[in-house]
Amino acid sequence: MTEPNTSCAAFQHSAAIDPDAVAVRSIGGGQTLTWRVYAEEVRAVAAGLAALGVGRGDTVALMMGNRVEFYPLEVGAQHTGATSFSVYNTLSPEQLTYVFANAGNRVVICEQQYLERIRACGTPIETIVCIDATPEGTVGLDELKAMGRPDFDFEATWRAVRPDDVLTLVYTSGTTGNPKGVEITHANLLAEARAFHAVLPVEFGDRQTSYLPSAHMADRFCSLYLQQVYGTQITVVPDRSLLPAALADVHPTIWGAVPRVWEKLKAAIEFSVAAEPDDARRGALRWALDVAARKADAQLRGEPIDDQLAAEWARADEQVLSALRAGIGLDRLKWAMSGAAPIPPQTLGFFFGIGIPISEIWGMSELTCVASACSPEQARLGSVGRMLPGMQWRIAEDGEFLVRGPLVMKGYRKQPRQTAEALDPDGWLHTGDIMSVDAEGYLRVVDRKKELIINSAGKNMSPANIENAIKASTPLVGAIATIGDARPYNTALIVIDAETAALYAAEHALPDASAAALAAEDGVIAAIARGVAAGNATLSRVEQIKRFTVLPVFWEPGGDEVTLTMKLRRKPIADKYAEQIAQLYAEDLAATVHEPDGQRSRAGGADTLTAGR
């Protein structure tokens with residue numbers, strides 16, 4: 001038999017392996033879909049959509065949370081030959097107007113809670129399928145499944161889908177304007193899955209969780225598409241706050257996260273150790289984490305782990321760390337990965353030290369998600385691995401990383417000029433990233449080409465590298481924007497992490513965990529100052545943060561400051577916080593301007609030691 005060459009064919013192959021195995025489930029298993037039922041629902045959804053006039057080349061949008069029903073709806077739409085895509089649930093009516101007009105979808109499948117926004121966007125939608133209610137003017141889910149005509153030829157319909165048909169649209173973050181709709185074909189997806197599998201193997205029955213929005217390419221590929229191609233079992237996580245419970249329930253065999261999730265998990269472990277009421281247990285945890293830290297330090301320095309440390313780590317693993325991994329549900333991993341943004345090496349080191357080696361990957365929506373990776377055995381801390389099989393790369397004269405191969409997108413929907421800017425006539429995708437490559441082909445991300453800081457002395461710096469160093473040094477920092485372009489030195493706008501804020505407030509018996517209250521709290525400023533100083537110690541002198549201010553707000557995904565995928569909108573940040581940035585460079589320091597621990601400031605007009613001394 002030939003290998004499947006479309007996502008539809010791949011699904012049909014996976015569904016036939018073990019029809020009674022569970023394919024999709026809720027946390028705890030209260031709601032499940034076996035592969036047999038999954039395939040039956042895919043057929044019913046495809047027949048219903050076809051009855052609505054949806055066919056090959058049409059577009060179907062989905063707007064819903066992470067739930068079991070998503071999977072047969074999405075895969076059913078694929079089987080009609082349609083391009084199916086998800087939108088972020090936080091989009092405003094104005095943003096939906098742009099996305100729907102660009103996508104050209106005639107159908108939206110949604111939850112009732114998003115119906116008002118969809119209707120308010122004003123874009124003509126022929127049919128709205130509401131999956132959890134039947135408001136007037138919508139089609140219910142059961143009604144959709146019952147609409148299929150007896151003469152609908154399901155087999156012929158999905159077999160008519162071609163590899164170069166557009167499988168999905170992924171809308172980019174839009175850090176510099178409206179998002180672009182990346183067109184990913186069935187051929188792109190199959191090439192991606194097979195190249196990824198060659199490095200990080202995936203098998204039928206591997207357990208995974210779906211907790212990122214389905215509009216995020218990382219969730220679409222790692223959950224939906226890997227399931228279709230290799231038959232993984234997905235546990236849906238409807239709310240990110242339920243992720244710890246989901247991990248403890250699932251004990252995934254393959255799992256990935258964006259850096260912020262890994263950072264939050266690290267902070268949660270550290271907080272739980274500090275809060276452990278039993279003295280003996282707390283002492284054992286601290287000893288084990290100290291051994292883990294020494295192992296991580298050696299790895300980060302590229303030094304071999306000596307026999308004495310290896311033996312001590314083995315004892316720590318047997319007595320403490322193995323139970324710690326089991327407690328958080330990450331004890332049965334074949335591999336773990338981090339992607340979508342640079343992750344601090346210290347965070348990678350922490351998890352390596354406790355026995356969870358993370359493979360950092362690199363990619364982008366325009367490359368069908370993952371473009372470089374390494375197995376845990378070959379991974380090197382700080383590197384995003386090597387290019388996946390079948391891909392070519394080269395570095396342009398200005399340092400930009402160019403990529404060519406079967407993972408490169410078809411183009412940006414209805415944007416030929418932007419497509420031509422990204423894809424040159426020879427097929428090279430201009431990634432916008434600055435990368436370095438060593439003699440063995442290991443890649444390291446320097447930063448986005450457009451985001452490099454050039455200070456007033458002409459020194460080039462990576463803000464992401466600086467920001468990661470600070471974030472790795474204190475869990476209180478949720479976001480940080482480095483300021484320094486055309487300036488004599490670097491400063492930073494710091495935003496407290498909303499989840500860590502609540503933990504910190506509870507631990508220190510603070511009555512108010514709001515951003516405004518904590519940004520003015522001496523202990524918080526002192527802790528952040530120490531963190532900035534510790535981060536500075538890992539940076540060159542010119543890169544270090546000389547002053548910072550803690551903003552009295554939390555930055556929400558999709559807001560003015562960060563995209564829905566938590567990338568900084570640097571220009572809007574600079575415009576919105578121009579007054580605060582000016583204060584960071586003023587001769588007389590305002591009360592809200594602080595310096596790292598150990599330096600002196602004149603905050604409030606008095607010559608005093610910086611908070612934290």
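Under the 3.5 Å distance criterion, the side-chain polar atoms of Asn188 are left unmatched by any main-chain donor or acceptor of Thr368. Put simply, the side chain of Asp219 never gets that close to the backbone of His216: no donor and acceptor are under 3.5 Å apart. Formation of a donor-acceptor pair under 3.5 Å by the Ser372 side chain with backbone atoms of Arg386 is not found in this model. Looking at Trp555, its side chain never comes within 3.5 Å of a backbone N or O of Val495 through a donor-acceptor pair. Panel note: side chain Asn66, backbone Val236; no donor-acceptor pair is recorded below 3.5 Å.
For Thr235, the side chain to side chain donor-acceptor pair (under 3.5 Å) partners at least two apart in sequence or on another chain are Arg25. Residues forming a side-chain contact (heavy atoms from CB on, under 4.5 Å) with Thr474 (at least two apart in sequence, or on another chain): Leu476, Val477. Partners of Thr34 under the side chain to side chain donor-acceptor pair (under 3.5 Å) rule, at least two apart in sequence or in another chain, do not exist in this structure. Taking the side-chain contact (heavy atoms from CB on, under 4.5 Å) definition, one finds that Ala288 meets it with Ala316, Val320, Leu321, sequence neighbours left out.
For the 3.5 Å distance criterion, the side chains of His79 and Gln12 qualify, holding a donor opposite an acceptor. Side-chain atoms of Arg220 and Ser86 include a donor-acceptor pair closer than 3.5 Å. If you check the side chains of Thr232 and Gln227, you find no donor sitting under 3.5 Å from an acceptor.
A distance of 8.0 Å separates CG of Leu247 from OH of Tyr211, quoted to the nearest 0.5 Å. Here the straight-line distance linking atom CG of Leu226 with atom NE2 of His197 works out to 10.0 Å at 0.5 Å rounding. Taken from CE in Met364 to CG in Leu407, the straight-line distance is 12.0 Å, to the nearest 0.5 Å. Here the straight-line distance linking atom CD1 of Ile470 with atom CD1 of Ile494 works out to 7.0 Å at 0.5 Å rounding. Interatomic distance, Leu167 CG to Ile184 CD1, rounded to the nearest 0.5 Å: 8.5 Å. Leu518 CG to Asp497 CG: the interatomic distance, rounded to the nearest 0.5 Å, is 11.0 Å.
Closest approach of Arg413 to Ala103, counting heavy atoms only: NH1-O, 2.8 Å. Nearest approach of Trp262 to Met337, heavy atoms of both residues: NE1-O, 3.1 Å. For Ala373 against Leu200, the heavy-atom pair with the smallest separation is CB-CD1, 4.3 Å. In terms of heavy-atom proximity, Val139 sits nearest to Leu144 at CG1-N, 3.8 Å.
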Worksheet item: Taking it one step at a time, do Thr431 and Asp433 satisfy side chain to side chain donor-acceptor pair (under 3.5 Å)?
Response: CA-CA 5 Å; Thr431 67; Asp433 280 339; 4.6 Å; no

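One finds a salt bridge joining Lys266 and Glu270 here, because a Lys/Arg side-chain nitrogen approaches an Asp/Glu carboxylate oxygen to under 4.0 Å. Salt bridge status for Arg325 with Asp317: present, with a side-chain N to carboxylate O gap under 4.0 Å. Ion pair Glu561/Arg569 not flagged as a salt bridge, since none of the NZ, NE, NH1 or NH2 atoms sits closer than 4.0 Å to an Asp/Glu carboxylate oxygen.
The six-membered or imidazole ring of Tyr504 lies away from that of Phe271, with a centre-to-centre distance of 6.0 Å or more. Aromatic ring centres of Tyr71 and Trp35 lie farther apart than the 6.0 Å criterion allows. Annotation: Phe11 is in aromatic contact with Tyr38 [ring centroid separation under 6.0 Å].
Pairs passing the salt bridge (Lys or Arg N to Asp or Glu O under 4.0 Å) check and including a residue from residues 59-73, sequence neighbours excluded, read Arg67-Glu69, Arg67-Glu111.
Partner Val87 forms a side chain to side chain contact (heavy atoms under 4.5 Å, CB included) with one of Tyr114, Phe100, Tyr171 and no other, that one being Phe100.
Counting heavy atoms from C-beta on, the side chains of Leu568 and Ile573 come closer than 4.5 Å. At least one side-chain heavy atom of Arg240 sits less than 4.5 Å from a side-chain heavy atom of Val261. Contact annotation: the side chain of Thr138 approaches that of Arg119 to within less than 4.5 Å [non-hydrogen atoms, C-beta and beyond]. Val75 has its side chain within reach of Leu224: a pair of non-hydrogen atoms, C-beta onward, lies under 4.5 Å apart. Taking the side chain as every heavy atom from C-beta outward, Ile496 and Val550 approach each other to under 4.5 Å. Ser84 is listed as a side-chain neighbour of Leu62, based on a closest heavy-atom distance under 4.5 Å. No side-chain heavy atom of Val107 sits under 4.5 Å from any side-chain heavy atom of Ile125. Leu189 has its side chain within reach of Phe221: a pair of non-hydrogen atoms, C-beta onward, lies under 4.5 Å apart.
Applying the 6.0 Å contact sphere to CD of Gln378 captures more than 12 heavy atoms from other residues, nucleotides or ligands.
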Return all side-chain donor-acceptor pairs below 3.5 angstrom for residues 340-360, not counting sequence neighbours, or 'none' if the list is empty.
| unit_1 | atom_1 | unit_2 | atom_2 | d |
| --- | --- | --- | --- | --- |
| Ser359 | OG | Cys374 | O | 2.9 |
| Glu360 | OE2 | Ile343 | N | 3.4 |

